[in-house]
Structure formats: C-alpha cells, structure tokens
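Inspection log for the structure reproduced underneath, given as structure tokens.
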Amino acid sequence: MENSRTLSRHDPLPRAPGAAVGLWIAHHEQASLVGQWLPVGERPLELGRGMPVGLEVLDDPRLSKRHARIERVGDSLQVVDLQSRNGTWVGGRQVEAAPLPVGQLLRVGDVLLIADRGGESGPQHPRILGVSPAIREVLRQIAQVAPHEATVLILGEPGTGKELVAREIHRLSGARGRFVALNCAGVGDPVLHSELFGHTRGAFTGAVGERAGLVREAEQGTLLFDEIGDASPSFQSSLLRLLQSGEARPVGSDRFAQAAVRFVAATNRDLDVAVLSGAFRADLRSRLEQWVIRVPPLRSRPIDIAVLFHRLARARAGEGLRVDPALVERLLAWDWPGNVREVEATVTRLAITHSPGQRWEDGSSLPTSRQAPLPAPAPRLDRDQLCAVLERHGGNVRAAAQELGIGRNTLYRRAHELELDLTTFRKGRS
C-alpha cells in the first residue's frame, strides 16, 4: 500500500461543495457497524470506546476511551490523537495530528474509517450492496425510471453489477411478466435472431420445431440486451427495427406480432467511441439511451469495497467471522479491475484457505498482479533485542519504537506476545 495516497485516487467522483463531511466505518468486528456514517459538524467528533453509533456503540479492545478527535476545517477534516494507548494512524503512518482528505484511511485501535463527503445514514439495499453517495445515486435513478416505459441503457465496467441494476428496474416497475436476459456477445447472428425473435419449423437447418423467442417469453416483462456494445451490425439493424416498430417477426415467418416488452440494454463499451469508429449505429444508441444509468467502478467508492467484502465474507463464514484489519487495509488499497465479481472470487479463496472459526488474516489469497506496493513487514523482534532497547530508553515506548523503526502499537503487541511488563523498564522504579 502506498501510504501517501488516498483510497479514492482512481476515477474520483465529484462531490458538491458544502456537502456533509464525515467518516465511514470500513472495518469493525461487529459487522453491523460496517457502512455506518459518522457526520462531523461544527462540534468535533470524539472517537473512543463506548461511543454511540446509532443504536449501538463503538467497542474495540484496542480503542482508548478517548482515542482521537475529528475536527471540521471548512469542507475538510483533520484528526488529533488524544494520547491514545495504541496510537492513531492515517494512511499507514502514526500521527499526532494530520489532515484527513476525502478517501483517506484512518485507523484507531482495530477500527478502520474512511473520510468522505456527502455520506448519509440509512438502511442498506438488500441486493445492490453499497452505501456510498455514488451507489445511492444509482438507486435513486433506478427508482425514478422504473415506473416509466423508457428504454434504459446501463453503462459500467465488467463486474459492476449491471444486470442487478436491470433486475431492480424490472422489480420496481411492477411488470407482470418475466425478466429475461440475452447476451449479445460471442454468439453468431442466426442464433441471436432465433433466440430473440423465435423461429418457425424448418426455418433453417436443425429447426425441427417452433420456438417462441425471448421477446415472447418476456411479454409484459423486461428484456435485457446484455453486452449490447458487442452486437454485430446485422443484429443491430434487427434490434433497431424492433425498437422503432415495437413488432417482432420469427425467423422463417411473414407474420409480425406486437412486442409488449420493456427494453433495457447494458454494456461495458464506450458507445461514443464505437459510434465514431462505425462499430455501433448512432440511431440505435439514440433509441437505447432514453435513460442512462452509469454504475461507477468499485475503485471510486472504497467504502463499498468494505461493505461488499464484509457482507460476502460473513455470508460464507458466518456472523462470528473475525477479520484482521490489516487484511481489510490491503483490500482497500487494491484497484479491483474485476469489480464485484473479483471481490466475490477473493472472498471464495479466503474462505477456502481458512479453517472454520479461523481469523482471516492471510493475504496470500489476495490479487497481486496489480496490487499497490505494501509497506515492508515490521521486523520480528526477539526478546533480548526488545528488552535492550527498552532498557536503553528507560521504558519510554515512543523513543524505543522510534529507534526500532516501528509504531507504538506494534511494540505493544510484540511485548504482549513476549509477556513483557513494560512498567519494569521505566527509570526510577524501585
């Protein structure tokens, strides 16, 4: 992890000036707290053990009762450590006081928080996981367009959940018919035409019977054209005629039937570029984009990475799952080019490599091909080395940690593992 960078460094989403500023809880052993929003107003917010969060409290054994204070400075935040026992960490570095720009990661005890603007508290959607302002905007647009008959074009990178968005439009539309999806990529024209419009017996070699087609199957429902940006020119022409006329003709037939279907399309392609290159029809794009919903990539909304990971992980391992915060820090530093599907695959690997009841802390199952560089691991101190440094500094933990090149909480943790009583090293002891 490159500590000087903020988590939202890739494809940042615009935030309205003057929007609410605060912190998202990105990791806590109590899963219900992940995704909670902590606003910071004119009065500072004090983080500490027992702090109320909605109907619950922020409870963590490594969190001091008065751990850190979050102050608002204009539209930004800054953190001040309140002489906490285990230190306050910003972007992987221990601080006494530091600014908290949007997207920056804050660690107090074993609790991880992300600074942001525009957050709000509220229930999480049961199917489209996320709490960020960006995903709430997607949900708002879904609710706005669902009751109408407009054709919807859903844009987003692979794995962002475009089909889930289409299914939610169908669900909220109140349509009586089915939701049906047709993948337009990697299938030959004859098959696509037959899948969409159906065919008569003998329409082509192998057509031994009639087929209704997806337009008929989706009657009074919703038909999704998935990966529409990969459709062939011939299929684009047929689809344009369908959208213009609202009529479908089975392959091999001369009869047209009315298509009482809601049409939705999805693609990860840049259709502007495809139109300019001649690979996609401009008139078809105009028909499809009566309403456009853009699903943002995970890398632009880090709190949704945390929410998604915790929800999927506990679905696999149970509510009693314990997760090392260092693992979550590493997850938040990754770009997730495969988006939601890549998170799902990572959770599966972690579940396989950990025994039931085991704390999830092994990073070997995480993606590494484009992982941001992580800090070098802290040296494994032996008992004699640690005792010598503590003796030299008269039990001053801050000075000892500084000489060793580690943080105070790392020193405390190693001393606990070695069963060392730090008070015995203090100068002036009897």
Side-chain angles (χ1 to χ4, degrees), residues 5-17 19-24 26 34-35 37 101-105 114-146 152-169 172 224 226-229 264-274 288-289 291-312 328 331-346 367 370 372:
R5 296 182 178 181
T6 59
L7 298 176
S8 57
R9 61 189 184 274
H10 305 283
D11 300 349
L13 296 174
R15 300 286 198 274
V21 291
L23 300 166
W24 295 108
V34 176
W37 172 249
V102 167
Q104 187 61 274
L105 184 66
I114 299 173
D116 203 358
R117 285 200 294 269
E120 60 181 280
S121 298
Q124 297 183 21
H125 195 279
R127 287 167 293 276
I128 300 177
L129 301 182
V131 296
S132 66
I135 210 66
R136 289 192 188 276
E137 173 61 17
V138 169
L139 292 170
R140 187 194 67 78
Q141 290 190 26
I142 291 172
Q144 189 173 359
V145 76
V152 181
L153 177 63
I154 306 169
L155 304 175
E157 294 181 2
T160 49
K162 297 185 291 295
E163 183 172 334
L164 278 178
V165 171
R167 288 182 179 275
E168 189 65 8
I169 292 171
L172 293 180
L224 168 65
D226 200 10
E227 306 299 348
I228 189 65
V264 179
T267 182
N268 59 60
R269 302 285 186 187
D270 187 330
L271 291 189
D272 290 335
V273 173
L288 292 173
E289 61 181 17
W291 188 269
V292 179
I293 297 177
R294 290 177 171 82
V295 187
L298 274 179
R299 63 179 172 272
S300 69
R301 43 191 178 99
I303 182 55
D304 291 343
I305 298 171
V307 168
L308 186 63
F309 169 75
H310 281 281
R311 183 78 68 89
L312 294 175
V328 180
L331 293 169
L332 291 171
W334 175 238
D335 284 347
W336 300 105
N339 292 289
V340 177
R341 280 200 292 265
E342 190 176 358
V343 178
E344 291 172 338
T346 299
R370 285 194 271 174

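Just so you know, these numbers use all the heavy atoms, side chains as well, and skip hydrogens, waters and symmetry mates.
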Would you say [X]'s side chain and [Y]'s backbone share a donor-acceptor pair under 3.5 angstrom?
X	Y	answer
D116	G103	no
T346	E342	yes
N339	L298	yes
K162	N268	no

Taking every non-hydrogen atom, the tightest pair across [X] and [Y]:
X	Y	answer
L105	L332	CD1-CD1, 3.9 Å
A26	H310	O-NE2, 3.4 Å
L331	I305	O-CG2, 4.2 Å
V131	W24	O-CH2, 3.3 Å
I303	S132	CG2-CB, 3.9 Å
E157	P297	OE1-CB, 3.6 Å

Fill in: Atom CZ of R294 with >12 non-hydrogen neighbours under 6.0 angstrom
no
Rounded distance [0.5 Å steps], [atom1] in [X] versus [atom2] in [Y]:
X	Y	atom1	atom2	value
I154	L288	CD1	CG	11.0 Å
D226	E163	CG	CD	6.0 Å
L155	D270	CG	CG	8.5 Å
I142	L164	CD1	CG	9.0 Å

Discussion item. Do the side chains of E344 and R341 get close enough for a salt bridge, i.e. N-O under 4.0 angstrom?
Written reply: no
Worksheet item: Going by atom types only, do W291 and Q144 share a side-chain donor-acceptor pair under 3.5 Å?
Response: no
Practice prompt. Report yes if some heavy atom in the side chain of E168 is under 4.5 Å from a heavy atom in the side chain of H125; otherwise report no.
Written response: yes
Fill in: Trace of the side-chain contact (heavy atoms from CB on, under 4.5 Å) decision for V340 with T160
CA-CA 6 Å; V340 177; T160 49; 5.7 Å; no
